[in-house]
Protein chains: 2
Amino acid sequence: MFEARLVLEAVKELITEANFEVSGGGITLQAMDSSHVSLVALSLRSDGFEHFRADRSFSMGMNLNNMAKMLKCAANDDVITMKAEENSDVVTFLFESAGQGRVSEFELKLMDITSENLGIPDTEYSATVSMPSTEFQRITKDLGSIGDTVEISVTKDGVKFSTNGDIGSANVICRQNLNVEKQEEQTVIDMHEPVSLTFALRYLTSFTKATALSPSVVIKLSKELPVVVEYKVADFGYVRYYLAPKIEDEEMEEQ
Amino acid sequence: MFEARLVLEAVKELITEANFEVSGGGITLQAMDSSHVSLVALSLRSDGFEHFRADRSFSMGMNLNNMAKMLKCAANDDVITMKAEENSDVVTFLFESAGQGRVSEFELKLMDITSENLGIPDTEYSATVSMPSTEFQRITKDLGSIGDTVEISVTKDGVKFSTNGDIGSANVICRQNLNVEKQEEQTVIDMHEPVSLTFALRYLTSFTKATALSPSVVIKLSKELPVVVEYKVADFGYVRYYLAPKIEDEEMEEQ
DNA sequence: ATACCATATA
DNA sequence: TATATGGTAT
């Protein structure tokens with residue numbers, strides 16, 4: 001339940017409506033944000049649900065804000081069941097209180113959404129950085145108060161985030177740090193070759209809406225490829241964000 | 001660190017940009033507010049800093065809102081270093097996390113500010129009132145909801161704040177009170193001769209932005225002289241505000 | 001229109 | 001100290 005809401009909070013700023021693809025394996029979702037700049041991919045495996053049954057594969061188009069509205073009507077410890085009948089134009093959310101004294105039924109109208117499902121090749125990345133998600137959130141927020149874009153550079157001993165704007169410039173260097181007990185608080189740099197890419201801070205900041213989902217975030221970078229920003233959903237899924245880097249010409253144009 | 005932010009919060013409402021005068025003795029700043037009515041004076045002695053080095057005396061013009069923006073990018077327990085190279089047009093703020101896993105460098109552009117450095121004579125005041133800073137803040141806020149000006153009258157056994165406005169009038173009397181353990185919670189009246197002056201509440205309310213800096217505030221009054229409202233910064237500095245009293249004619253004009 | 005920040009109250 | 005609400009900034 002709780003996670004269902006966090007997932008929605010994590011994606012609804014970027015995408016207002018999307019098709020949930022349901023199959024025996026679980027639920028996935030993939031959508032470009034409304035400005036067609038970044039991409040969100042959600043995957044929740046069926047084994048992560050207490051009960052999961054899908055007799056066939058199908059897709060459900062939903063307005064995420066309306067879905068979030070309904071999920072907000074569930075209490076924190078309610079058991080949530082999502083039901084979709086074949087060929088129905090609604091999806092039903094069932095909220096049952098712990099003692100089953102209260103049963104709420106919310107029906108959300110489905111929508112026809114034409115979705116372009118983009119194949120995302122599973123690449124080897126030049127550099128993979130894992131760091132505390134709150135630290136990444138803090139960095140994008142701080143740099144966003146100075147500039148519009150951030151250059152992310154990975155070398156073998158650290159990752160550097162730099163920006164500059166009208167009032168000045170800033171950079172934050174995070175060194176590899178394995179001296180923390182909890183693995184999710186470590187900063188781990190896995191680099192095959194150095195890489196340096198520039199991104200619009202605005203989108204990265206939106207990505208950090210997923211911070212509550214996971215204590216750590218994984219950032220994957222390769223030259224000329226979209227960055228992947230990944231947050232695990234417990235241990236049965238993930239939310240991944242993709243954002244293409246700025247190329248030099250684009251940076252020039254903006255000035 | 002924490003104090004650096006408090007000091008900025010205390011002055012940036014009144015002055016948006018100012019010259020920081022740096023010398024071996026520490027850092028000072030003096031500026032009129034934008035409406036040229038009140039004056040802010042800041043002094044931080046070098047011995048209050050963990051490390052302080054100034055090879056020569058110089059002044060740095062900064063936009064205080066932009067400076068505050070950058071200081072907000074430091075975490076609460078970061079070690080802050082401020083660096084200025086000779087003849088540079090930027091000042092660098094270095095934030096290092098406790099374990100030094102993260103190092104942030106923020107560069108703020110300096111500005112040329114023509115500052116009129118006013119000599120403030122060190123007068124003997126007719127009356128000096130020390131009281132809890134939160135109490136003074138409360139009084140200016142409360143009276144500000146009734147009227148625009150406050151008459152501050154000091155007699156040997158107390159200080160009276162009075163105002164009146166369209167909806168009515170109000171006055172608050174604070175008696176000398178030495179019966180509190182902590183000295184900073186005492187109300188101490190040191191009066192050579194009774195004095196009664198009227199001030200614009202708007203500015204006094206701005207002064208109380210410094211309340212978080214010190215548990216007590218010192219108010220110094222003499223006939224026809226600007227009031228001094230002083231907050232200590234730990235035990236190595238102060239923020240002082242000066243505001244000229246209204247004279248009868250002025251009060252007439254405004255009505 | 002939305003999201004973040006600051007403030008005020010419980 | 002934590003949350004809720006309102007105002008500001010994007």
Side-chain angles (χ1 to χ4, degrees), chain A residues 2 5-18 31-38 40 63-69 71-73 75-76 133-150 163-168 170 199-213 229 231 239 241 243 254-255, chain B residues 2 4-14 16 34 63-77 132-146 201-202 204-213 215:
Chain A
F2 190 51
R5 280 214 296 247
L6 293 183
V7 165
L8 268 177
E9 291 303 317
V11 301
K12 79 183 172 61
E13 183 173 318
L14 283 163
I15 48 179
T16 56
E17 44 194 51
M32 302 284 291
D33 75 282
S34 41
S35 56
H36 272 242
V37 173
S38 65
V40 182
N63 176 303
L64 299 188
N65 283 301
N66 294 342
M67 183 181 174
K69 248 186 211 172
L71 286 181
K72 277 192 189 132
C73 300
N76 275 318
S133 59
T134 50
E135 192 165 347
F136 180 63
Q137 182 179 44
R138 180 68 197 256
I139 291 166
T140 59
K141 196 191 97 200
D142 285 350
L143 297 194
S145 72
I146 311 291
D148 299 326
T149 62
V150 60
T163 191
N164 61 75
D166 293 340
I167 71 167
F199 302 97
L201 272 164
R202 184 189 145 197
Y203 293 98
L204 295 183
T205 305
S206 282
F207 298 171
T208 64
K209 282 279 148 65
T211 300
L213 276 173
V229 179
Y231 297 83
V239 179
Y241 303 92
L243 176 64
E254 289 192 12
Q255 287 161 12
Chain B
F2 191 51
R5 279 215 296 247
L6 293 183
V7 165
L8 270 176
E9 292 303 316
V11 301
K12 79 184 173 65
E13 181 172 316
L14 283 163
T16 56
S34 41
N63 175 304
L64 299 188
N65 283 301
N66 294 342
M67 183 181 173
K69 242 186 211 178
M70 290 199 169
L71 287 180
K72 276 193 188 130
C73 299
N76 275 319
D77 42 9
S133 58
T134 50
E135 191 165 346
F136 180 61
Q137 181 180 43
R138 179 66 196 258
I139 290 167
T140 60
K141 198 189 100 197
D142 287 352
L143 298 194
S145 71
I146 312 291
L201 270 165
R202 183 188 146 199
L204 295 183
T205 305
S206 283
F207 299 171
T208 64
K209 284 278 146 66
T211 301
L213 276 173

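These numbers were taken from a predicted model, which means no experiment stands behind them. Letters go in sequence order (proteins before strands), and every chain restarts at 1.
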Could you check whether any side-chain heavy atom of [X] comes within less than 4.5 Å of a side-chain heavy atom of [Y], counting everything from C-beta outward?
{"X": "A/T211", "Y": "A/Y231", "value": "yes"}
{"X": "B/I139", "Y": "B/E135", "value": "yes"}
{"X": "A/V40", "Y": "A/D33", "value": "no"}

Worksheet item: Going through the distances and angles, do A/I167 and B/N63 end up as a side chain to side chain contact (heavy atoms under 4.5 Å, CB included)?
Response: CA-CA 9 Å; A/I167 71 167; B/N63 175 304; over 6 Å; no

Rounded distance (Å) that lies between atom [atom2] of [N] and atom [atom1] of [X]:
{"X": "A/I15", "N": "C/dT2", "atom1": "CD1", "atom2": "C1'", "result": "17 Å"}
{"X": "B/N65", "N": "C/dA6", "atom1": "CG", "atom2": "P", "result": "12 Å"}
{"X": "B/K12", "N": "C/dC5", "atom1": "NZ", "atom2": "P", "result": "13 Å"}

Discussion item. Run the side-chain hydrogen bond (donor to acceptor under 3.5 Å, both in side chains) test against A/S206 and tell me which residues pass, sequence neighbours left out.
Written reply: A/E13

Worksheet item: Where is the tightest heavy-atom contact between A/L243 and A/L204, given as atom of each residue plus distance?
Response: CD2-CD2, 4.0 Å

Distances under 3.5 Å between nitrogen or oxygen atoms of protein and nucleotides 7-10 of chain C:
none

Expected rows: protein N/O vs nucleotides 3-10 of chain D N/O, under 3.5 Å:
none

Item to complete: Using the six-membered ring wherever Trp is involved, compare the ring planes of A/F207 and A/Y241 and label them parallel, tilted or perpendicular (cut-offs 30° and 60°).
Response: parallel

Fill in: Euclidean distance, A/K12 NZ relative to A/R5 CZ, rounded to 0.5 Å
11.5 Å

